[in-house]
Amino acid sequence: SPSRLSRGGPPLTPVRVSRLHPALGAEVGGVDLGKPIDEATRQTLERALADHLALVFRDQSLTPAQYLAAAAVFGPPMEQHYSQHNMPGFPLIGLIWHRNGQQPAEQWHTDHTNRERPPAATILYGVEIPSAGGGTSVANMRAAYVALPEDERRRLESLKTFNGLDGHADTRQEDREKYGKPIEHPMVRTHPVHGTRAVYFHISKATHIGGMTPEASKAFMRDLLDRVIQPGIVYHHEWRKGDVLVIDDRATMHRAHGDYDRSQSRVLWRIIVEGDRPRLV
């Protein structure tokens, strides 16, 4: 729907939302994230994210300060617990670059489940992009939930994960102390904007599922992912320089792809924004 200035004034360029994939993903036109975003546009984008679960903004040119201001449209930017990868001078922006031994996160996951209020969204800005490969895939875990047999949905709804930090060798001790305490979350959560349910967990941050051993928990989650994440519920984003990809962490999982020439640079700026405490209603 067209967006207008919230306090009168001339109409802004209409926001265009175009579906990219049958299951999830939409491209947003008519929005320059480097400029202030009015309240009507903010509400349009919030709803579009809840509906489409992944939003792509093309041809953006952002300073770190502009990027932080744009990210705040989706929620308050929050600290990331891989502070060793923070941008100098901008600690709320993480640098995703596969240097100094950093590996792409190729396993399906949703970010920072070791927080009481995990991210509503993960926002990625493509700054340096390899000539081929290195994409990001996003899976619709709302569709994954709906596709499960009813008895399995009921069982999942009764389960909780206990979440801590996963075992990255270069994680700083202060991050371990600050963010390593066990946090309990439901394995199915209700989206606070959309009202629908989705499968929700992070296989490597979940130390265990309540009532199961760590080993049985990992096997259960691995089997579930193998069964429910089918190609039909996945949007694959092929990066272009200047892309901003907003991923709704409340109803998706995502993964990186390391299938690119490592002599080339792949640099994404990452911001996560605070969401609600996950709950099943």
Side-chain angles (χ1 to χ4, degrees), residues 1-21 24-80 87 90-94 110-112 115-127 136 138 140 142 189-196 198 235 237 242-252 254 268-279 281:
S1 57
S3 171
R4 296 176 182 274
L5 288 170
S6 51
R7 290 184 296 277
L12 295 178
T13 306
V15 178
R16 301 182 305 279
V17 180
S18 308
R19 187 182 294 275
L20 287 168
H21 183 279
L24 76 163
E27 184 171 326
V28 179
V31 177
D32 180 352
L33 295 176
K35 295 179 179 174
I37 292 175
D38 64 279
E39 179 59 19
T41 302
R42 188 198 69 75
Q43 291 179 13
T44 298
L45 296 178
E46 178 184 58
R47 187 70 217 183
L49 182 63
D51 289 343
H52 296 283
L53 300 177
L55 301 180
V56 177
F57 300 79
R58 302 281 190 191
D59 303 316
Q60 302 295 312
S61 180
L62 304 171
T63 65
Q66 287 173 325
Y67 185 38
L68 279 166
V73 166
F74 297 98
M78 60 190 283
E79 288 184 359
Q80 302 177 44
M87 180 184 288
F90 292 90
L92 293 176
I93 300 177
T110 185
D111 284 341
H112 286 56
R115 304 296 183 83
E116 286 197 27
R117 294 168 63 93
T122 293
I123 305 169
L124 302 171
Y125 175 37
V127 177
T136 299
V138 188
N140 182 340
R142 180 189 293 161
R189 68 177 295 184
T190 303
H191 197 290
V193 177
H194 201 263
T196 47
Y235 162 66
H237 184 69
D243 284 355
V244 171
L245 173 64
V246 184
I247 300 168
D248 192 324
D249 287 323
R250 301 163 294 191
T252 65
H254 61 275
L268 308 178
W269 293 358
R270 178 173 74 170
I271 297 175
I272 55 175
V273 296
E274 188 177 77
D276 302 276
R277 178 141 199 172
R279 59 196 186 108
V281 293

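The basis for the numbers below is simple: all heavy atoms, side chains too, and nothing from hydrogens, waters or symmetry mates. Positions are given from 1 along the sequence.
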Exercise for the section: Look up atom CD1 in I37 and atom NZ in K35, then write down how far apart they are to the nearest 0.5 Å. Expected result: 11.5 Å
Problem - Non-hydrogen side-chain atoms of V28 and V15 separated by less than 4.5 Å - result: yes
Problem - Any side-chain heavy-atom pair of L53 and V138 under 4.5 Å - result: no
Exercise for the section: For the residue pair L92 and E79, establish whether any side-chain heavy-atom pair is separated by less than 4.5 Å. Expected result: yes
Exercise for the section: Check whether any side-chain N or O of Q80 sits under 3.5 Å from a backbone N or O of R270 as a donor-acceptor pair, and report yes or no. Expected result: yes
Fill in the blank from the handout: In short, H237 meets D243 closest at the heavy-atom pair NE2-OD2, 2.9 Å
Handout entry: Minimum heavy-atom distance between I247 and L49, given as atom pair plus value
Key = C-CD1, 4.4 Å
Exercise for the section: Return yes if some donor-acceptor pair links the side-chain N/O of T190 with the main-chain N/O of V281 below 3.5 Å, else return no. Expected result: yes
Practice task
Taking the side chain as every heavy atom from C-beta outward, state whether D32 and Q60 have any pair of such atoms under 4.5 Å apart.
Solution key: yes
Handout entry: Donor-acceptor contact present, side-chain R117 to main-chain G275, <3.5 Å
Key = yes
Practice task
Determine, stepwise, if the pair N140 / H21 fulfils side chain to side chain contact (heavy atoms under 4.5 Å, CB included).
Solution key: CA-CA 11 Å; N140 182 340; H21 183 279; over 6 Å; no
Problem - Spacing of CD belonging to E27 relative to CG belonging to L245, to within rounding of 0.5 Å - result: 11.5 Å
Problem - F57 and L45, any side-chain heavy atoms less than 4.5 Å apart - result: yes
Exercise for the section: Count the heavy atoms belonging to other residues, nucleotides or ligands that lie under 6.0 Å from CZ of R47, then report whether that count exceeds 12. Expected result: yes
Practice task
Rounded to the nearest 0.5 Å, what's the gap from CG on L55 to CG on L24? Could you check?
Solution key: 10.0 Å
Exercise for the section: With side chain to side chain contact (heavy atoms under 4.5 Å, CB included) as the test, would you mind laying out the steps for I123 and V244 before giving the verdict? Expected result: CA-CA 7 Å; I123 305 169; V244 171; 3.8 Å; yes
Fill in the blank from the handout: Output for pair (Q43 CD, E46 CD), nearest 0.5 Å, gives 7.0 Å
Problem - Any donor-acceptor N/O pair, Y235 side chain to L20 backbone, under 3.5 Å - result: no
Problem - Flag, side chain of D249 to backbone of T122, donor-acceptor distance under 3.5 Å - result: yes
Practice task
Of all the heavy-atom pairs spanning P278 and E116, show the shortest one and how long it is.
Solution key: CD-O, 3.8 Å
Exercise for the section: Kindly give the heavy-atom pair with the smallest separation between F74 and A120, and that separation in Å. Expected result: O-CB, 4.4 Å
Completion exercise
Which of H254, H52, H191, H194 passes side-chain hydrogen bond (donor to acceptor under 3.5 Å, both in side chains) with D248? Answer is H191
Exercise for the section: Kindly give the heavy-atom pair with the smallest separation between V246 and A121, and that separation in Å. Expected result: CG1-CB, 4.0 Å
Exercise for the section: Would you please classify the geometry between the Y67 ring and the W269 ring as parallel, tilted or perpendicular, with 30° and 60° separating the classes? Expected result: tilted
Fill in the blank from the handout: Between P119 and R250 the two heavy atoms that sit nearest each other are O-CG, 4.4 Å
Exercise for the section: Look up atom CG in L62 and atom OH in Y125, then write down how far apart they are to the nearest 0.5 Å. Expected result: 4.5 Å
